[in-house]
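Note that these values count all heavy atoms, side chains included, but never hydrogens, waters or copies made by symmetry.
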Amino acid sequence: MYKRQLLLSLGACRTLAGPAQGWVLWCGVLSAGALALVPLLSYAPRRLPGLALGAGAVAAALLLLAVF
């Protein structure tokens with residue numbers, strides 16, 4: 001399941017930034033997500049599902065802004 005999602009996100013990054021820079025964008029996005037998630041897990045793990053939905057909405061809005 002997660003392997004498919006990672007491959008889809010890699011494909012989206014490679015489509016947006018090109019075949020060479022897409023790998024860099026993908027690694028940067030994964031790193032930024034991890035840097036945001038790790039401190040949150042130690043601070044308020046029960047709030048994570050709600051914040052994940054909000055973060056997904058923000059990410060979708062930013063993606064739409066970047067594409068259009």
Side-chain angles (χ1 to χ4, degrees):
M1 177 73 179
Y2 294 116
K3 195 180 294 187
R4 184 180 303 158
Q5 292 171 347
L6 286 173
L7 287 174
L8 286 173
S9 67
L10 175 60
C13 288
R14 289 190 64 188
T15 301
L16 288 174
Q21 293 296 321
W23 291 95
V24 177
L25 175 64
W26 185 62
C27 290
V29 168
L30 289 178
S31 298
L35 286 174
L37 181 66
V38 169
L40 183 64
L41 285 175
S42 64
Y43 177 67
R46 290 187 181 154
R47 294 183 184 173
L48 187 62
L51 291 173
L53 290 175
V58 169
L62 290 175
L63 179 64
L64 289 174
L65 287 174
V67 171
F68 299 110

> List the atom pairs, with distances to 0.1 Å, where a side-chain N or O of residues 25-37 and a protein N or O form a donor-acceptor pair under 3.5 Å, not counting sequence neighbours.
unit_1 : atom_1 : unit_2 : atom_2 : d
Trp26  : NE1    : Ser9   : OG     : 2.8
Ser31  : OG     : Cys27  : O      : 2.9

> Under 4.5 Å side-chain heavy-atom separation, chaining through any Ile, Leu, Val, Met, Phe, Trp or Tyr, what else clusters with Leu8? Say none if it is isolated.
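Noted: Leu8 shares its cluster with no other residue.
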
> For Thr15, what residues pass the side chain to side chain donor-acceptor pair (under 3.5 Å) criterion, not counting sequence neighbours?
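So Thr15 forms no side chain to side chain donor-acceptor pair (under 3.5 Å) with any residue.
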
